[in-house]
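Beneath this line is the structure, given in structure tokens, with notes to follow.
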Amino acid sequence: MVQISRPLRLTFYTLVILAGAVVSATFAMRHAERQALEDDAARASEQLALYANSLHTLIERYRALPAVLALDPELRSALKGPVGPEQQDALNRKLERINGAARSSTLELLDHTGLAVAASNWRLPSSYVGHNYGFRPYFSQTRSQGSGRFYAVGVTSGIPGYFLSSAVKDEQEQFLGAMVVKLEFPELEREWSQGSDTLLVSDARGIVFIANQPGWRYRQLRPLSDSDRAELKATRQYDKQLLTPLEHRPLRRFDDDSTLTRVEGPDGSVDYLWESLPLATEGWTLHLLRRPQIAFEDRRNAGLAAAGAWLTLVFLLLFLNQRWRLARLRQRSREELERLVEERTRDLRTAQDGLVQSAKLAALGQMSAALAHEINQPLTTQRMQLATLRLLLDHGRVDEAYQALKPLDDMLTRMASLTGHLKTFARKSPSGLRERLDLAAVVDQALQLLDTRLRDEQVDIRLQLTRPAWVRGDAIRLEQVLINLLRNALDAMHDKPLKHLEIRLEANQQLWSLSVIDSGGGIAEEHLPNVFDPFFTTKPVGDGLGLGLAVSYAIVHELGGRLSAGNQGQGAIFTLSLPIDLEAHIPC
Ligand code: ADP
């Protein structure tokens with residue numbers, strides 16, 4: 001695995017976190033922008049509906065006017081025959097009056113060929129009177145369908161307007177001509193230009209003919225087909241007006257009639273929220289273009305909030321990660337500590353086993369000396385007894401010889417038991433051995449081993465042993481404990497004139513309590529807490545190892561018992577307690 005240095009890794013992480021903050025901020029800013037745009041678009045769309053309504057109302061107000069005028073008998077009769085100058089003058093004035101009252105742009109009366117026989121603008125140089133408008137689609141529509149409508153630039157006046165016409169018919173429903181009202185929208189355009197929005201009205205071919213701002217009128221929103229061009233030429237709808245395409249390209253579409261559109265103008269490209277609303281009756285489309293207003297603060301705030309949220313998340317994760325690692329580290333240290341403790345305990349146990357063994361060997365050494373002394377004496381005696389026996393047999397004193405055999409036999413038995421004990425003592429008993437045994441018998445055995453010394457030193461022994469005192473344990477090791485206690489007692493009483501040794505074995509609740517009490521002067525108060533410590537000894541160098549009690553203590557504890565020390569009377573008292581074994585039968 002490639003090892004990356006710590007500072008390099010830190011730099012890398014910092015960069016990743018910063019990159020995350022930048023990405024989330026950018027994302028949030030985009031989102032805020034999109035949201036603001038959508039809100040703006042929704043508002044614009046509502047406003048557009050209001051504009052559409054005002055346009056619709058304006059048109060509706062004049063829609064009935066030509067139909068009503070077409071019923072005027074004077075106008076009808078005028079169209080039935082040739083119109084003389086006087087009649088024409090009267091008609092002109094009449095239309096002029098009505099036009100003034102209705103506040104429409106122009107009123108004109110066309111005969112069945114489309115010739116304007118009278119018009120409200122008769123006084124102006126741009127008067128319609130005498131011109132033929134038979135080529136205009138609204139005229140043909142009126143002739144065939146009874147009414148017509150058409151937006152066009154006036155061929156005479158050059159002023160654009162919406163022509164609404166109605167057929168004038170005689171009593172037999174014969175077409176006599178058409179009554180036409182022209183509406184112009186400068187007022188509407190002026191009214192619309194109050195706001196900052198761009199408002200456009202385009203016709204079915206996508207040609208803008210109403211705009212509240214200069215430069216937008218007569219722009220093509222879509223390319224024109226050849227047939228469109230031919231038709232425009234025939235109807236002279238926009239007459240001499242030059243139609244130029246409006247370069248635009250949708251950047252984002254919110255819905256069919258709502259987009260974010262880039263418009264290429266003379267001053268470069270500008271992005272608009274572009275809302276469209278089709279006006280079904282007219283076949284037009286109303287457009288509202290608005291410069292998107294995305295407050296810098298909104299975007300910045302959204303970006304900052306997102307970056308903040310990201311950093312909070314990252315630091316929270318880092319914090320949790322740190323905690324987790326710390327917990328893992330603690331767990332690992334704990335495990336390591338436990339392992340070490342276990343290891344040390346194992347080592348100590350091994351060392352303790354070794355100590356037990358070496359203490360045993362030391363005891364064995366002492367015991368060997370004692371045994372040598374113990375065996376030498378009987379051997380000498382036996383040699384003498386054997387000589388006596390031979391003499392008795394030589395003299396045929398068979399009965400006496402038999403009697404002399406008895407002490408010889410006893411002595412041999414005792415020697416055999418001593419050596420046997422020595423053999424078992426020397427071997428390392430497997431730890432954890434739990435046999436059922438009588439503690440009183442262990443006391444006997446120990447006393448037997450120390451018998452010579454007890455006798456030599458003329459110790460006054462008092463025994464109060466409850467028999468049998470069943471316990472579970474290892475006879476050899478318990479014997480070793482007892483020998484230690486007895487030998488210590490003997491050592492303590494060695495130079496004392498009074499040598500009382502008392503051994504008491506009694507049941508105390510669930511325990512057998514074995515006390516060894518001596519008259520050796522006791523243990524100094526300050527030594528009491530240390531007597532069970534390994535290598536604690538008050539004996540001269542060479543006499544004591546300071547291991548006896550430590551080993552004994554360990555042995556007793558291993559067997560589930562307790563060993564305690566104290567002072568009583570003229571000497572020390574050592575008490576060994578072991579759980580009473582209640583089991584009736586000795587397991588095989
Ligand atoms: P050692 O006998 O080799 O000194 P032990 O562990 O058997 O080692 O005994 C430790 C010490 O405890 C002895 O040196 C002695 O000071 C004290 N001690 C043990 N038994 C007695 C006793 N019965 N009376 C007085 N002191 C004792």
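Atoms within a ligand are numbered from 1 in the order they appear, just like the ligands themselves.
- Each of the following atoms of ligand 1 lies closer than 4.0 Å to a heavy atom of A489: 23 (N).
- Not a single heavy atom of F532 lies less than 4.0 angstrom from ligand 1.
- Remark: R43 engages D40 in a salt bridge, criterion side-chain N to carboxylate O under 4.0 Å.
- Close contacts of ligand 1 with A572, meaning ligand atoms under 4.0 Å from a residue heavy atom, involve 22 (C), 23 (N), 24 (N).
- Checked by atom type, the side-chain pair Q331/R334 shows a donor-acceptor distance below 3.5 Å.
- Between R467 and D444, the closest side-chain pair of non-hydrogen atoms falls below 4.5 Å.
- Against a heavy-atom cut-off of under 4.0 Å, V531 is close to the following atoms of ligand 1: 12 (O).
- Below 4.0 Å from some heavy atom of L549 lie the following atoms of ligand 1, by number and element: 5 (P), 6 (O), 7 (O), 9 (O), 12 (O), 19 (C).
- Using a 4.0 Å cut-off to heavy atoms of T538, the atoms of ligand 1 that qualify are 13 (C), 14 (O), 15 (C), 16 (O).
- Taking a cutoff of 4.0 Å between a charged side-chain nitrogen and a carboxylate oxygen, R339 and E336 qualify as a salt bridge.
- Annotation for ligand 1: atoms under 4.0 Å from non-hydrogen atoms of T537 are 1 (P), 4 (O), 14 (O).
- D460 places no side-chain N or O within 3.5 Å of a backbone atom of K499 that could act as its donor or acceptor partner.
- Listed by number with element, the atoms of ligand 1 under 4.0 angstrom from any heavy atom of G522 are 25 (C).
- Checked against a 3.5 angstrom limit, the closest N/O atoms of K539 and ligand 1 fall inside it.
- Which parts of ligand 1 touch I523 is read off a 4.0 Å heavy-atom cut-off, strictly below it: atoms 25 (C), 26 (N), 27 (C).
- Note that the CD atom of E342 and the CD atom of E335 stand 11.0 Å from one another [nearest 0.5 Å].
- Ring geometry for Y553 versus F532: interplanar angle of 30 to 60°, hence tilted.
- In this structure, a donor-acceptor pair under 3.5 Å is absent between the side chains of S513 and E506.
- At a heavy-atom distance under 4.0 Å, only side-chain atoms of D518, from C-beta outward, approach ligand 1.
- Summarising the contacts of atom 19 (C) of ligand 1 with L486, I517, N488, the nearest heavy atom is found in N488.
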